[in-house]
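Residue numbers count from 1 along this sequence. Values below: every heavy atom of this structure, side chains too, minus hydrogens, waters and symmetry copies. As the structure lists them, so they are numbered: ligands from 1, and atoms in each ligand from 1.
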Amino acid sequence: MPFVALEPATRQSRLAEASRRWDALLAVRPDLAPAIALQRQLIGPVVELTDVIEHGRLPRLSLPPKYLAAKLARGVPALAGEPIPLPVAVLKPTLLRLCEELAAGGAGEAADHIKAALDETRMDAGSLLTASLARDQQAIRTGAAQHGLAPDLVWLVAELAVSPFAYALQQTLFTPAATDAALGAALAGWTGGFCPACGSWPAVAEVASGRRVLRCSFCAFAWELAGYGCVYCGEEGPRFVTAAPDAQMVEGRKDRRVEICNACRSYMKAVDVSELSPFPLVALADLETMDLDMAALERGYSRPPLKNFTSRR
Ligand SMILES: [Zn+2]
Ligand SMILES: [Zn+2]
């Protein structure tokens, strides 16, 4: 069963776990203090919004399990190409707040400009959030350029602000897989290294009880692949290597590894955990393993760009 249900989480449990993990990270990596401080400021509003969405009666996407199963069988993520009504009025305040937090946290004027463009509706929040949910980097780059805004920052604030809704959608769409045979089978047969819900790549693999669970960097979906190979290109041969500490990839710790692929020159991080991270704490797992990114990047490996599903139906 490659679909791994997350333990239920609440606003309080998410914040408590995040706080504990930031403190632990700060203790071993005091040099990460500024990054941790900024992540605290950004994750807070995302947790609050997640709570609002979970307790609200917001429009949800309803796709019949049979339709979804057929789509997944074609290798297309569930949300790709679907017209999805967004609760913009609920998401926009968080979007603006994230701009403020980024401005205060070091991005300065570049983030202020984004907030001003949204405030004055020169840039439409609904279009921006829709493009982010569709994982349409090109649309966001074009929109940012039109308004003279920093594209990476626009991408970041939009992604953070819409991610609680993406998480709620994936929960709604895939929870029936536990009882619907066709959808369950389609998810079990999913062979993509990209998220079957939204199409994003995993941020990390969380290895729990020997199960390598991929964690979507956007919607936090948790899934396993039948084979053990490169999540990006599928390589399972000798060109796919899990680098252990004695390979000098990472010093000292055996509970964290880098999977490197010499077929596509990409890498993915894997970390042993006792419990999977709740949404939106996959971002913490990413920050906690930043030294693995450095090790892989130094050796010439990278993470590939998002796959583009915007023209596929
Ligand atoms: Zn996803
Ligand atoms: Zn590969």
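Around the Zn ion (ligand 1), the two atoms SG of C195 and SG of C216 are separated by an angle of 110°, to 10 degrees. Rounding to 10 degrees, one finds that the Zn ion (ligand 1) sits at the corner of an angle of 120° between C198 SG and C219 SG.
Between R212 and the options E206, E259, E224, a salt bridge (charged side-chain N to carboxylate O under 4.0 Å, His left out) holds for only E259. Put simply, the residue from E48, E17, E54 that forms a salt bridge (charged side-chain N to carboxylate O under 4.0 Å, His left out) with R11 is E48.
Salt-bridge annotation for D272 and R257: present, with a side-chain N of the basic residue lying under 4.0 Å from a carboxylate O of the acidic one.
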Q | Stepwise side chain to side chain donor-acceptor pair (under 3.5 Å) test for Q39 and W22 | A | CA-CA 9 Å; Q39 195 175 59; W22 281 316; 2.8 Å; yes

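Note: the hydrophobic cluster containing V271 does not contain V282 (ILVMFWY, side chain heavy atoms under 4.5 Å, direct or indirect links).
Aromatic ring centroids of Y167 and F221 lie 6.0 Å or more apart.
Relative to the ring axis of F218, R135 places its NZ or CZ within 45° and under 6.0 Å from the centre.
Take a cut-off of 2.8 Å around the Zn ion (ligand 2): the protein N, O or S atoms inside it are C230 SG, C233 SG, C261 SG, C264 SG.
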